[in-house]
Amino acid sequence: MQTIALHMPPPRNAGEPMIRRAYVGDVEQMAGLINNYASQGLMLPKSLAQLYNNVRDFIVVDVDGAIVGCAALKITWRDLAEIVSLAVAPSWQGRGLGKQLCLPLIKDAQVLGIPTVFALTYQVDFFKKLGFEIVEKNILSQKVWQDCQFCSKQDCCDEVAMILRLEP
Ligand SMILES: CC(C)(COP(=O)(O)OP(=O)(O)OC[C@H]1O[C@@H](n2cnc3c(N)ncnc32)[C@H](O)[C@@H]1OP(=O)(O)O)[C@@H](O)C(=O)NCCC(=O)NCCS
């Protein structure tokens, strides 16, 4: 039987972080990363099923097979997309990896013709550095709030809504 090589990651130096799209084999580590922060109330939890269903939307930071960062772009509607599940492992923070995860997602939104990217976050200064500005939550479409049913803070949400407007 003929076998087909599905992917061949590029060569890199040991210990060097690599940003790449997520594979199904990454999902359990992604869940660990996300749900650790979710248990601290910093982001929404994700089940393994949710992550497998949406794995094609994710990019990860891979260090010698260890997943130390992840994020995804979730398209909300024709004019709006959200950066979701953005997480960098504590020992890898402050090295530009969060920014390196967000920039390709923002580029992706631009290529798709989506004019606005948003985040619901406590990391206001991080997103400000990427050019996001704070907005009133009520300016965002109702479509944004469909995930809130999974959040323990749905009736007392104190996350900050931030948007980035993209050039066409
Ligand atoms: C938010 C998070 C992804 C940032 O990742 P990171 O890899 O540490 O961020 P970077 O190193 O890419 O930082 C990019 C810039 O933002 C700044 N920055 C990052 N976090 C910051 C913070 N909490 N407050 C102020 N500035 C911050 C950095 O100093 C850096 O500035 P520079 O470009 O002038 O050097 C990471 O802190 C994290 O995983 N937090 C826990 C989960 C979470 O809250 N996720 C967000 C859900 S919306």
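Both ligands and their constituent atoms are indexed starting at 1 by order of listing. Remember, predicted model here, so these are calculated numbers, not experimental data.
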Using distance alone, determine whether [X] and ligand 1 share an N or O pair under 3.5 Å.
| X | answer |
| --- | --- |
| T121 | no |
| F127 | no |
| M43 | no |
| Q100 | no |

Does E136 CD have over 12 foreign heavy atoms under 6.0 Å away?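 Not buried by this count: 12 neighbours or fewer within 6.0 Å.
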Do any side-chain atoms of residues 115-134 form donor-acceptor pairs under 3.5 angstrom with protein atoms, and if so which ones, sequence neighbours left out?
{"residue": "T121", "atom": "OG1", "partner": "Q123", "partner atom": "N", "Å": "2.8"}
{"residue": "Y122", "atom": "OH", "partner": "K153", "partner atom": "NZ", "Å": "2.5"}
{"residue": "Y122", "atom": "OH", "partner": "D158", "partner atom": "OD1", "Å": "2.5"}

Within this structure, what is the CZ-CD1 distance for the pair F58 and I67, rounded to the nearest 0.5 Å?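 Between atom CZ of F58 and atom CD1 of I67 there are 12.0 Å.
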Interatomic spacing from CD1 in I34 to NZ in K46 - rounded to 0.5 Å: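 Spacing of CD1 (I34) from NZ (K46) equals 7.5 Å.
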Could you list which atoms of ligand 1 come closer than 4.0 Å to a heavy atom of A87?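 Near A87, the atoms of ligand 1 are 39 (O).
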Atoms in ligand 1 with a heavy atom of Q123 nearer than 4.0 Å: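 Listed by number with element, the hits are 1 (C), 23 (N), 40 (N), 43 (C), 44 (O), 46 (C).
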Close approach, [X] and ligand 1, non-hydrogen under 4.0 angstrom:
| X | value |
| --- | --- |
| L120 | yes |
| Y122 | no |
| G94 | yes |

Just by distance, do the side chain of K74 and the backbone of S85 share a donor-acceptor pair under 3.5 Å?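 Pair absent, no side-chain N/O of K74 close to backbone of S85.
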Salt bridge (Lys or Arg N to Asp or Glu O under 4.0 Å) partners for D108, two or more places apart: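 None.
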